[in-house]
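The structure appears right after this line, and notes come after that.
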2 protein chains.
Amino acid sequence: MTSVTPRRPVSRLSRERRIADIMAAGREVFREKGYEDAPLSDIAEKANVVEGSIYRYFDNKRDLLVKVIEVWYEGMLADYQEQLSGIRGTRNRLRYMIWRHLKTIHDEPALCNLMFQFLRSGKDYSKTGVFNLNRNYTRQTLDIISEGVRKGELRGDVSLRLVRDMIYGCVEHTTWAYLRGEADFDVEKTADDVVELVLSGLQVRYTGSPTGPDIATRLENAVEKLEAMTEKP
Amino acid sequence: MTSVTPRRPVSRLSRERRIADIMAAGREVFREKGYEDAPLSDIAEKANVVEGSIYRYFDNKRDLLVKVIEVWYEGMLADYQEQLSGIRGTRNRLRYMIWRHLKTIHDEPALCNLMFQFLRSGKDYSKTGVFNLNRNYTRQTLDIISEGVRKGELRGDVSLRLVRDMIYGCVEHTTWAYLRGEADFDVEKTADDVVELVLSGLQVRYTGSPTGPDIATRLENAVEKLEAMTEKP
DNA sequence: TGCCTATAATGAACTTCATTCATTATATTT
DNA sequence: AAATATAATGAATGAAGTTCATTATAGGCA
């Protein structure tokens, strides 16, 4: 008696639909298990295909990861420009960019980890779509700073790139423990602290007045508060 | 005719010597190929042992990596305290710490990458020896800042941890492109720039010095902002 | 000196995955 | 209804990490 393993019913979908299914499954499994501990078989099962089928649409496992992250990144950055256009004042705009990055990490630690660990370190990162998305995104931060310099609010004698690296580097370092699942962090407070430290620096300031900011600075801060208020609905 | 594969001559060394050999081979191969692209067979060959022998001394491949990095880290940090004791002044001491970190990355990009990518992201990182080494090392930076605060040179109203994260985060972000093998960076200049930016901040300073707008001008600018706001619908 | 014993070292077997590809099934076109 | 293009399958392949029963050796001991 020869027993034949019954072949699974084959459902033929459109290319687009299959790709969408596989990427959705990929995102889920990668989010749950990371990259190395996520077997392709898990993804295939969740996407209702057989492992081999994944290779019709993706070059390899890493290619799938890259495209998953890419699509996620795109959706995430979709509305930032619109949001930003409603925010006035260098400090507020800078804070928004920092806040946004912190919030993304807080909301999607697993995918951020994947991004940091497997995409950005790869030799091919600068040829990736994510690289360009990121580039355009952080360029916005550079523009905000340039604008601040133009208005005479910020120093023009420091490298813009260094400032950007300081902001994003600080944010990332601050969140490492959270990304390892060890501690939580307060998005709002961290955003406040980072923007304050970047703008004011570590050195004490001798402005003539014995303690605290001088009169003009206090007035300017008051105006920024007004600015922030008028933006709220 | 039965052919027997000749067994390789077995050389019996002391535990310490074998471990040293394997770790030396591991460091070399990891440095050349990274973690995932470094087969254990390469390491075994270079260490003059068979693959299975590695498991007598290390739990698994990752454990070997951790111990390789650990030993490297120890040697690297051996003399920093002595060096630092010869440097006076908050700014100079801070610069030394930053410079040192930059130089390490510049000298050993591959091992640093391994450390950043595979050790620090692991769930078990905070139980690692490297974690503690790093902790003690960066504590030195915190101490320098505390000392600066005590002497009235630095602000005491910002989180020390945040400052530390800003420094090391900035350094790392600045060196990502170099770590990917895309661009070089100037250790000395970067150290100067980072320490300057951390200490002075991004905002312009009105210290009564001739340069920069006077109080009246600044008030006028603030009023113009308000004007601009109220004009918008 | 020559056995004894602890243990260092070996190498084959096992396992888990990623990846390939010849075969089969299905939707669409003719 | 047959032909055709191509989506999908599943078995086979191979690479790499890991395990373990077996074998060989160095150092201690009679």
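The analysis underlying the following values was restricted to heavy atoms, covering all of them including side chains, and did not include hydrogens, waters or symmetry mates. In the text below, chain A, chain B and the rest are named by the order of the sequence lines, each starting its count at 1.
As a whole-Å value, the separation of E45(B) CD from dA9(C) C1' is 17 Å. In this entry the distance linking CG of L13(A) with P of dT28(C) reads 11 Å, nearest Å. When the P atom of dG17(D) is taken as reference, atom NZ of K61(B) falls 4 Å away, rounded to whole Å. Rounded to whole Å, atom C1' of dA15(D) lies 13 Å from atom CG of L40(B). We find that CZ of R18(B) is positioned 17 Å from P of dT7(C), with the value rounded to whole Å. Rounded to whole Å, atom C1' of dT23(C) lies 16 Å from atom CZ of R8(A). Look at CG on D59(B): it is 14 Å from P on dC20(D), rounded to the nearest Å. Atom-to-atom, CZ of F58(A) to P of dA7(D) comes out at 14 Å; the value is rounded to the nearest Å.
Here R17(A) pairs with D21(A) under the salt bridge (charged side-chain N to carboxylate O under 4.0 Å, His left out) rule; sequence neighbours left out.
Nearest-nucleotide assignment on DNA chain C puts the 5′-proximal partner with R15(B), out of E51(B) and R15(B). Comparing R56(B) and R12(B) by the nucleotide of DNA chain D that holds the closest heavy atom to each, the one mapping nearer the 5' end is R56(B). Each of E36(B) and S14(A) was assigned the nucleotide of DNA chain D with the nearest heavy atom; the assignment lying further toward the 5' end belongs to S14(A).
Using a 4.0 Å heavy-atom criterion, one finds that A38(A) contacts the sugar-phosphate atoms exclusively. If you check every strand for non-hydrogen atoms under 4.0 Å, V10(A) touches sugar and phosphate atoms only.
Salt bridge present: R155(A) and E196(B) bring a charged side-chain N and a carboxylate O closer than 4.0 Å.
The aromatic rings of F118(B) and F118(A) stand perpendicular to each other, their planes meeting at an angle above 60°, with 30° marking the opposite boundary. A perpendicular orientation is assigned to the rings of H101(B) and F116(B), their planes being inclined by more than 60° (bins at 30° and 60°).
In terms of phosphate contacts, Y55(B) brings no side-chain nitrogen or oxygen within less than 4.0 Å of OP1 or OP2 of dC20(D).
At a threshold of 4.5 Å between non-hydrogen side-chain atoms, the residues Q81(B) and Y137(B) do not count as touching.
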